[in-house]
Structures are given as structure tokens and as C-alpha cells.
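Notes follow the structure.
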Number of protein chains: 2
Amino acid sequence: MKLTSRSEYALLALVYLARHETEDYISAEAIALAQKIPLKFLEQILFALKRAKYLRSSKGQHGGYHLAKPADKIALADIIRLFDGALAPTESVSKYFYESTPIEKEKNLVKVFKGIRDYVSATLETTTIADVV
Amino acid sequence: MKLTSRSEYALLALVYLARHETEDYISAEAIALAQKIPLKFLEQILFALKRAKYLRSSKGQHGGYHLAKPADKIALADIIRLFDGALAPTESVSKYFYESTPIEKEKNLVKVFKGIRDYVSATLETTTIADVV
DNA sequence: ACAATCCCCATCAGTTTAGTAGGATAAGTG
DNA sequence: CACTTATCCTACTAAACTGATGGGGATTGT
């Protein structure tokens, strides 16, 4: 369960936007200042969130971002998957431990990691931005 | 919870050794063949395990490795920590979410990840090589 | 016209990862 | 003693990933 700063920043940005949902568009700069995220880096992240339909945006003066769906419809898992790829168990784990492999013997090891993955997955899948706000 | 291949290989090697605990020293080559691990890479890993007192070893003909402690005294967490550093939440998560930071507001987010970390930690801490064998 | 703001891609330095290579050292065998 | 087998230990490398930074172009409101 490795969280990159991209994921962290994305979550922080979404939480911020959710908290100011009633207001107008909020600029990247405002978010960057509030959540202490490098502006240009945040821009990339917001753009990705927009492409993935989590945000709406408007250009020009008084432009900015806005949640594109209700905060309780955005699971943490969605966002983390968007930036970090597959959930909890990383490539190595999924490839080695979950897929067919020459070594079928270590079923017990697989079970342990599967249990962890399932827990992490379930937690992040059921927790939404709204829960965090 | 990112598992590097170092950790995976280490676990596989230990499981193999635990399974052959009654026998004499087992060579790196034997483990490499059985668990399909690149020999020279495995050597590094075994050496690290030895340095960390999980293995005893003997050089020369009929040399090899042997568990230095009972398999039920080696937690998966021990090994993963040895190779991957801190458990479940990675640097970014621990630094950002767990340590004092300018943004103290997102306590709820912290809570979610702390819950995950605790679960992962508890699971890996209580599961031993013996449990897997 | 102009300023603010998003859009979008290119680049980059540093770190990590997964492995390879090679030789030094030690132990058992004839 | 010489030889073989194995561990010990360091150094190196290619590729990927991470966390940014930079620079313009496109749009929109005033």
C-alpha cells in the first residue's frame, strides 16, 4: 500500500474542494496554498482528475475547479488507483502471489497477502471523500 | 504495502529452509533452483538474512544455510521490514500523514490510513514463517 | 486588449529496483 | 598441500519511477 505524493495531493485537493463545494470554481492556486502543494505539480494532478471525470473546470478569470460528482460517490480507492495503479499489493505481489506461477507451493503465503489486500481494498473502496470531510 | 522482490525472495527462501529444517546446511544454489530465484541475487539476500541473524551458514563443501531461530519466531514483518524498510505505509504516507505537518486538518484521512497500517502491521507481525510452512 | 486561469507536454535530477560480475575467504576432501 | 565447493562482500549497471519544474498555448471574464 504505497501512497505516492500524487495520490496524497489528489486526496487533499478533493477534500478541499468537497469542503468548499457550495462555492464557485476554486483555482489551483487557492488549493495549492491551502494544502501546501507545489502549484505546477498540483496542476498536473487536477488535470488528471478532470480527465478522469472527477472534476469540472472553467478557464479564465474566476475559473478553477469543482467536484464533478458528489463527494460521497468518490471512493479513496478510485483516486489512489488512478495515480498509483493497482491497489494494495503491488505488481510484484499481484504478479507473483496472485497469478499463476511456477511455484504453486506457497499457497499459505499467498493467503496472507490476499487477506491484506482484501482488507485494504475493502477499506479504501468503502471510504469516500465525503467520509473524510 | 509494497513488497519488493527482495522481500518475496527472502520469504520464499526462509520458507524453503524451514521446510527442510531437519536437514543439513542447504546451499544457495539448491534454494535458487527450488524457488526459481536468480542465484547471485539470492546470495545477497541470504547474506543480508545472515547478517541480521536469521540464518546460520557454513562455507565450503557441504556448506550452506540454516535457520538461526525457530521458524515460529520469525515474523513476516521482520523480514519485510529488513528489506523494504518501514511497514505498510511508505515514507510519504508516514511522513505526511503520521508526523507533525503543517496540515493538521485532514485528521480523518490520517485515521483511515492509520487503520490500514495497523491492520497490515498486526497481520504481518503475528504471522510467522512457521505459520506459512 | 488584457489579465487570469486552465491545458498539456517536455524535461530533469535523484532514488529505487532488480539484477550481474568478480574476486576474496573459508572449509572439507583426497 | 592442492583442489573444489561454497559463502562472503563490494561494486556496478540499466531501467523505471518519483517529484517535481518550465514554457507556452488556449479560453474566458472584465
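Chain identifiers are assigned alphabetically (A, B, ...) following the order of the sequence lines, protein sequences preceding nucleic acid strands; residue numbering begins at 1 within each chain.
Between the OH atom of A/Tyr65 and the P atom of D/dT27 there is a distance of 15 Å, rounded to whole Å. Across the protein-nucleic acid pair, A/Glu29 atom CD and C/dA4 atom C1' stand 10 Å apart, rounded to whole Å. Per the geometry, CD belonging to A/Glu8 stands 12 Å off P belonging to D/dT18, to the nearest Å. Rounded to whole angstrom, the span from the CD1 atom of B/Ile45 across to the P atom of C/dT20 amounts to 11 Å. The CG-P distance, from A/Leu39 to D/dG19, rounds to 18 Å in whole Å. With rounding to whole Å, A/Asp84 atom CG is found 13 Å from D/dG19 atom C1'. In this structure, A/Phe47 atom CZ and D/dT27 atom P are separated by 13 Å, rounded to whole Å. The CD1 atom of A/Ile37 sits 17 Å away from the P atom of D/dT18 (whole-angstrom rounding).
Comparing A/Gln61 and A/Lys40 along DNA chain C, the residue whose closest nucleotide (by nearest heavy atom) sits nearer the 5' end is A/Gln61. DNA chain C is contacted by both A/Arg51 and A/Gly64; A/Gly64 maps to the nucleotide lying nearer its 5′ end (nearest heavy atom per residue).
Between A/Tyr9 and A/Phe41, the ring-plane angle classifies as perpendicular under the 30° and 60° cut-offs.
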Run B/Arg81 and B/Asp84 through salt bridge (charged side-chain N to carboxylate O under 4.0 Å, His left out) and show every step you take. CA-CA 5 Å; B/Arg81 241 188 322 243; B/Asp84 295 357; over 6 Å; no
Is there a side-chain contact (heavy atoms from CB on, under 4.5 Å) between B/Arg56 and B/Tyr25? Walk through the geometry before answering. CA-CA 9 Å; B/Arg56 279 186 300 118; B/Tyr25 287 105; 3.4 Å; yes
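Of the candidates C/dC8, D/dG19, D/dT7, D/dG19 carries the atom nearest the A/Thr4 side chain, counting heavy atoms from C-beta on. Between D/dT27, D/dC9, C/dT20, one nucleotide has an atom nearer to the side chain of B/Phe41 than all others, and that is C/dT20. Closest to the side chain of B/Tyr9, out of C/dC7, C/dG19, D/dT21, is C/dG19.
Side-chain N/O atoms of A/Lys50 include one lying less than 4.0 angstrom from OP1 or OP2 on C/dC7. Proximity of B/Ser5 to the phosphate of C/dG19: a side-chain N or O atom is located under 4.0 Å from OP1 or OP2. Residue A/Ser57 has a polar side-chain atom (N or O) positioned under 4.0 Å from OP1 or OP2 of C/dC7. For B/Tyr25 and C/dA26, the shortest distance from a side-chain N or O to OP1 or OP2 is not below 4.0 Å. Residue B/His62 places at least one side-chain N or O closer than 4.0 Å to OP1 or OP2 of C/dT29.
When the options B/Val120, B/Ile116, B/Thr127 are evaluated for a side-chain contact (heavy atoms from CB on, under 4.5 Å) with A/Ile116, the one that passes is B/Val120.
A/Thr128 and A/Ala71 get closest at one heavy-atom pair: CB-O, 3.6 Å.
With hydrogens and angles left out, the side chain of A/Gln44 and the base of C/dC8 share no donor-acceptor pair within 3.5 Å.
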